[in-house]
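Since the model is a prediction, treat every value here as computed from it, not as a measurement. Each chain gets a letter, A, B and so on, in the order its sequence line appears, and its residues count up from 1.
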Amino acid sequence: MVAPGALRVVRCGGSTLRGARAVYLLCASGDFVKVYSVNTEETLRLMGGHADMVTGIQLNPHNHMQLYSSSLDGTIKLWDFMDGIPIKTFTVGCKLLALYTLASAEDSVFVVIPKKGERDTFQLVKVKLTKGAGQDLEGKELSVVLDGVGASVKHIAFGREGAYVASVKDVNLQVYFFKRKLLNRFSLSTIKTKGGDNRFSCVVCHPTEDCIATGHADGKIRLWRNFHHKKDYTYSTLHWHHDIVMDLAFSMEGTRLLSGGVESVLVQWHNESSCQKDFLPRLGSPIESISLSSDGALCCTLHTDNRITIINSNLRFSRSIQGLIKSRDVKTGLVVDPRTKALVLNGEPGHLQFYSLQSDQQLFSLDIVQRQYIHEAGLKQSDLVKVAFSARGSWLATVEESEEVADPELQLKLWFYHEEAQSFVLNTRINTPHDNHITDMCFRDMDELGDDSLILVTTGRDCVFKVWVMVEDSDPEAQQSVSWSCDFVGSYHNYQATNCCFSEDGSLLAVSFEETVTVWDSLTWDLKCTFCHPPGNIRKICFGRLTCSKYLIGATDYGFLCCWNLLTCALEWSAHLNVVVLQPDPLSEHIAAVSWLSKESSLFVFKPNEPRPIYIQRNLCKEKILLAAFVPRDEPEMTNSEKYLWLRKSQLFFLTDTQELMTLSTKSLEERLTPSSKQLAVEESLPVTPFSVLLGKHRRQQAQEDTDLGKPLVLNKQEQASPAVKELLHTPAHVLPSASFLCTIFINSLLISKENKSAEEVADEVEMESEKAEDDSDEEDVTAMEQEDTTHMELLGEMTHKLSKSQEKELRKIRKMDYSWISAF
Amino acid sequence: MATYKPVVVQACPKLGERITQDTLYWRGYKTPVQIKEFGAINKIDFSPAPPYNYAVTASSRIHIYGRYSQEPIKTFSRFRDAAYCATYRDDGRLLAAGSEDGSVCLFDISGKAALRQFEGHTKPVHVVGFLSDKYRIFSGGDDYSSNLWDIPSATEIISYSEHTDYVRCGCASKVNADVFITGSYDHTVKLFDARTKSSVMTIEHGHPVESVLLFPSGGLLVSAGGRYVKVWDVLKGGQLLVSLKNHHKTVTCLCLNSSGQRLLSGSLDRHVKIYSTTSYKVVHSFNYATSILSLALSPEDETIVVGMTNGVLNVKHRKPEEKNENSQKKRQPAYRTYVKGRTYMPKQEDFCVSKPVKRVLRKYDKLLRSFQSSKALDAVLEPPIMLHTPEVTVAVMQELHRRGTLRSALAGRDEKQVNLLLTFVARRVIEPRFTPVLVTVADMITDIYQPVVGQSAIVDKQFLKLQEAIGKEIDYQEELLEVLGMMDTLFATFTKKKDTCLGENKSNGVTEIIETNRNY
């Protein structure tokens, strides 16, 4: 993370998973460990504390409420994941690549570390976790178990009751028996026969028998038995996958074996025979790992596109937890849906994902290509390359093309937002709108006019730009009343058209043809004027907005940023800057330009009317920033600083070439994790049991009866909301005084006191109680390391700030009399 | 979670004329019956009374035909020279006709000899008609005069000599018994009232008037002359409502359909155009072998009879209404099983379990789902699919190509199947919507079956056919490009200013027209 000044870059994507329980799903995601509820798919906790990527998580075999996690920063942390509290931190001192725990091995865990002095060699070591009083402990007692192991978590597996450990690397399988201190090595032939590739990809051990299952790069699964003997070992082969087996998992009893690979099909093998198998096909994207819950009721698969699918034990799809889908290549750019304010970009192959930034969730995925996706190496897939929304979001234009160079099979599709279906419905499909690839597309943004005047412009490498208009069908019997058709075809000296852009009022269209920018009248389609800044092709163009609408900004390949005045038709200013991304803010006149110079991206924010940038952020990140988008805020953010005025109305998001989504924020991390996003308490998210339903009903009924009977309301309130009773019931038992001591006080407190308390007093008490509750939640928040949440960033204005100060005072007061409730008795 | 997505079959919008209610209605006629007459047919008139016989005037005879008879059931042939314009009276019992010698004859349809003969015109009489009171006849002759005759006394009531050229057409009002109109080659249509001494209204058509028509309401007047059909509002003093120019030769005859909703016009350009009388747009058109002189529609539009210049009478009968009862006869499930539970409305506390909708996949989709490429191709090469929905076949071929299995699916076929495949490709490869896919397919077939060329005469023949088809198409495209080049130069000379954008726009329009023409 980069945190220069008050601005910081925040990562929003990326995840790897390991470990699941029947109710909670634990998942290592970047530097964090996330806890999801299996039932509601919500993120319950976000446990942060590691300074680098979390590489492995394992439940503590002796206490299933605790979790070990290892990270590249060289520490192992023990967590209480119910509360999200780190219990202990063990510092090992070198990069930890994988983590394993064993029930039989008390107070020690196994980790994979790089071997000292050698590159790309790894060893499995046993780390003795010292028992100590403090939080931070040293875990330096290392003993090497196996040498030359694979770096991946999947390359090592511990056998039945921890009797042996199996490790695979390339074509070698090593089995080490702890008791006998015996190491058996088995090798497969390296010769690739018939396209077969014998290299191992993953290994798992049978939970009850002496059996090892290994997955291979050619899609085979081998089941090894009798590996106690060096010579007499046997193996059987299961083959269904046509490509590499990414992960394997045995069911709890070992009767079923699950396997998954790039086909995105989950295969379930029964009784280790190849004839009995079940499939769960079309999971959407390649399966990266498979994990089973400890009771065997659920299985979850982690996919390469940053998604977790939860599957029932009878191989039925249950639900999926989905963040920002990683696609191979974001060709569409970052587009903001005006309707939902969601970020729209390539999702699954052929799909468009609508990603909500507020909730870090995928809103929905729109199938654009509508074809069966077949995963096979070397196939020319067709995918979405361009997306444009009309100003109000009622029309969506998409362009798809196949990867074939000669015949791109272009299709332009226009989708209409159907209010009843709450989804986009295909309106018009145009086959081969251009003879060559489409380079850019834009709608005429005209808020004040009706949708009838919508115009779509596409530019293509076939040297023309085309104007598409809506045509109303005169025939009343036709199914749809409007369709789109080509209205005008324009070209300029047979140059390739590269970019297009409408001015804010929609009267002018700028189209760049290689080195030249041409400006057209959008009513008559006359060429008005041309601009040029040789040498170098135009890379990006955009019009200024609001007060700067008379300017046209262009960026060229040779590193120039030019600003032309449309009234004088002359160059206003130009700057030497290698601009990769040029993004105007739709709500203000600011324009953001991201430059790429010698391995660092820099951000410049400027107004077109002055050549001096308002804001410069050098060295924004190490990766190349490919795309950027301004997302309008729901409410303007209050900033004191002049410097960040441009962030008031919208927020800037970037996507780097490593597919990480970043944003700029004026808030520090702690402030961003606001208490307003109240954590769902773990206990509240428990499933509704018949008992709780019954009890709830009963309680409600009672409450109703009480009010019906017209009991004194004050009394009722006091009874239910007595902070003392509540505190008593909610305080953990081990910190309470002995029950015998409390019993009488407790019963006394339940008795109705003779003199009624005045209403004021009661109100006072209630207030105090609520403050206390706030206090509690506040404390919880601090410890729980709130999930990063972009929603409430803007809520954190000055107002809440002041309020929190006054609150703080109150809280301090309350904290002092923390145990005063006992004296109430 | 995603399910299998069926192959998308690209639907192309139908080019050419759109199917409307009108096209369906006017297409509902049987193949025409052709009857040869002795000369050019100048008038066809349907009897207003059942059984709706029609009188055809050609040369010196008047033939009366029955509804389905191919032979005349009666002939009036007592004319010394050509007869003109045999017209029925409203009750269908009398028939009046003009003749070359200037006399107007009145016949009883059951008799043979003329009942009356009205002498007074000095030149041929081309138009006669009954006024709607049934007792008077109007006539117009080449002596420029329009006369009115009394039937009982066989005397001339009045003679108007207002036209300055031949009077060739006329029509009596159905509303007013005293009003009739005549059209003349002097470019005018005149409206006469028998109670006045001169014409009441004169309408300037602008071309020699060949035919006139009054709407049943009497308010609208239609005149045809030259290439124009014009509609006039009589009540507004002869104001022009609309001028239609849909023919490219002289319009010779006009006719209304039985409901008065459609206007038909026949022309020397061999077309009959049908207009809607509300929008005055052409809703349908027929074309015929030779120039049309006369046209008539029977009541209820049962029959269209068209007379040509070469004496051929073209009779089209309406097809009987198709009865759909046969297809309805499919055995329905028993009442009890059918209705059981259908009407049950779920109550509020009921827990509804929805039945999963069963997806029906086409055969090729099922095969594609299980990756059986060759069988999927077989499934779409079955004659019903291949002949009627070639787009399905092509879509599956495209899908196979996308999956990279097209080559293996095409390979390993026997003579019969290769023959089938090549027939399809040779026939469809020139269709623009299929060309990109089928060219690939043709390429692959040639590659795969190159070694076996010469072993089978049938396959060789198909290969030659394919070659011929592609050669023809290439020649055709070259010609089109030439035409396009010529037209581009023409347009370039037309547009002086703003040449860049306008020229491109026009040329694009031309390409599109040519594209549509290619889709035969």
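Residues B/Glu349 and B/Lys347 are not paired through a salt bridge, judged by the lack of any N-O separation under 4.0 Å between the basic side chain and the carboxylate. Electrostatic pairing of A/Asp367 and B/Lys5 counts as a salt bridge here, judged by a charged N lying under 4.0 Å from a carboxylate O.
The contact between B/Gln10 and chain A is made by backbone and side chain atoms together, counting heavy-atom distances below 4.5 Å. Of the two parts of A/Gln381, neither the backbone nor the side chain holds a non-hydrogen atom closer than 4.5 Å to a non-hydrogen atom of chain B. The part of A/Arg429 that comes within reach of chain B is its side chain, from C-beta onward, which places non-hydrogen atoms under 4.5 angstrom from that chain. For A/His351, the part lying near chain B is the side chain, with the backbone staying farther off; criterion is any non-hydrogen pair under 4.5 Å.
Residues forming a side chain to side chain donor-acceptor pair (under 3.5 Å) with B/Asp443 (at least two apart in sequence, or on another chain): none.
Each of B/Arg403, B/Gln398, B/Glu399, B/His401 has some count of heavy-atom pairs under 4.5 Å with chain A, and the biggest count is that of B/Arg403.
A perpendicular orientation is assigned to the rings of B/Phe286 and B/His284, their planes being inclined by more than 60° (bins at 30° and 60°).
Under the 4.5 Å side-chain criterion, counting only non-hydrogen atoms from C-beta, B/Asp447 is in contact with B/Arg407.
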